[in-house]
Amino acid sequence: MFRESQCCECSMRFINLAGHKGMSIVIKNINGKYLPCLQMRSLDIDEENHLSQLQKTSLIQNSVTGPFIRVAEQIAIHFCPFCGRNIAKWLSKHKNIAIELAKKHECFIMGK
């Protein structure tokens, strides 16, 4: 999919970690333009979904008034944080890969 020769091994690994606890790179589709984002998660996506359901249930029942928990954060990037290559430009030249990654990462994207 996203070949090492196009960027670096670290960026490949981070793209494949999308949705998991820790740092990853996700590809966001914005009206047909593909934007790489660095994403940090304190929980895996399935744990986040479970927590969200628990928080909704607790709020409905008024049983818990605990603190708001930020489970993920993301920021748009254009360049690989490891080797400096322009990932955004590479994605614009390789639309098929960008489309595939954006579809795969769609459920992990914040601020849709």
Side-chain angles (χ1 to χ4, degrees):
M1 186 182 300
F2 191 75
R3 295 187 196 100
E4 183 178 341
S5 62
Q6 302 305 327
C7 196
C8 67
E9 186 178 331
C10 287
S11 64
M12 263 188 8
R13 192 173 311 127
F14 272 54
I15 285 172
N16 291 326
L17 288 173
H20 293 283
K21 182 178 179 177
M23 289 182 33
S24 65
I25 295 174
V26 294
I27 308 304
K28 184 175 182 176
N29 179 355
I30 303 175
N31 300 321
K33 292 185 180 180
Y34 298 92
L35 181 65
C37 298
L38 187 61
Q39 190 176 86
M40 294 70 64
R41 292 187 163 280
S42 58
L43 301 170
D44 286 342
I45 192 74
D46 57 338
E47 294 171 325
E48 177 184 345
N49 292 336
H50 179 69
L51 179 64
S52 294
Q53 191 58 37
L54 287 175
Q55 286 176 331
K56 287 176 189 171
T57 302
S58 296
L59 289 173
I60 291 169
Q61 297 173 350
N62 290 328
S63 62
V64 176
T65 58
F68 175 75
I69 299 171
R70 176 69 108 190
V71 294
E73 191 64 57
Q74 78 182 27
I75 185 169
I77 58 174
H78 290 279
F79 298 93
C80 174
F82 307 104
C83 73
R85 187 162 293 180
N86 190 327
I87 299 174
K89 187 175 180 180
W90 188 88
L91 288 169
S92 70
K93 290 181 179 180
H94 298 87
K95 287 281 190 194
N96 291 340
I97 294 172
I99 290 167
E100 184 179 342
L101 287 171
K103 284 180 184 176
K104 181 179 176 184
H105 294 167
E106 187 174 16
C107 61
F108 309 132
I109 298 296
M110 300 172 59
K112 296 177 189 180

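- Partners of Ile30 under the side chain to side chain contact (heavy atoms under 4.5 Å, CB included) rule, at least two apart in sequence or in another chain, are Lys28, Leu35.
- Using a 4.5 Å cut-off on side-chain heavy atoms (C-beta onward), Leu43 and Lys21 make no contact.
- Once rounded to the nearest 0.5 Å, the distance linking OG of Ser24 with CZ of Arg41 reads 7.0 Å.
- In this structure, Cys107 and Ile45 have side chains that are not in contact, with every pair of non-hydrogen atoms separated by 4.5 Å or more.
- Remark: Glu9 engages Arg13 in a salt bridge, criterion side-chain N to carboxylate O under 4.0 Å.
- Between Lys103 and Asn29 there is no side-chain heavy-atom pair separated by less than 4.5 Å.
- Between the CD1 atom in Ile99 and the CG atom in Leu91 there is a gap of 11.0 Å [rounded to 0.5 Å].
- Here the OG-CG distance, from Ser11 to Leu38, works out to 11.5 Å after rounding to the nearest 0.5 Å.
- Taking the six-membered ring where the residue is Trp, His94 and Trp90 present parallel rings, their angle staying beneath 30° rather than reaching 60°.
- No side-chain heavy atom of Ile97 sits under 4.5 Å from any side-chain heavy atom of Tyr34.
- In this structure, SG in Cys37 is found 11.0 Å from NE2 in His105, a value given to the nearest 0.5 Å.
- What you find for Ile27 and Ile109 is that their closest heavy atoms are O-CD1, 3.8 Å.
- Side-chain contact between Leu17 and Met23: absent, with no pair of heavy atoms (C-beta onward) separated by less than 4.5 Å.
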For a quick test of your reading: what N or O donor-acceptor pairs under 3.5 Å do the side chains of residues 74-82 make, sequence neighbours left out?
{"from": "Gln74", "atom 1": "OE1", "to": "Gln39", "atom 2": "NE2", "distance (Å)": "2.8"}
{"from": "Gln74", "atom 1": "OE1", "to": "Met110", "atom 2": "N", "distance (Å)": "3.3"}
{"from": "Gln74", "atom 1": "NE2", "to": "Met110", "atom 2": "O", "distance (Å)": "3.2"}

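- The minimum heavy-atom distance between Ala18 and Ile25, with the atom names listed, is CB-O, 4.2 Å.
- Residue pairs meeting the salt bridge (Lys or Arg N to Asp or Glu O under 4.0 Å) criterion with at least one member in residues 30-40: none, sequence neighbours excluded.
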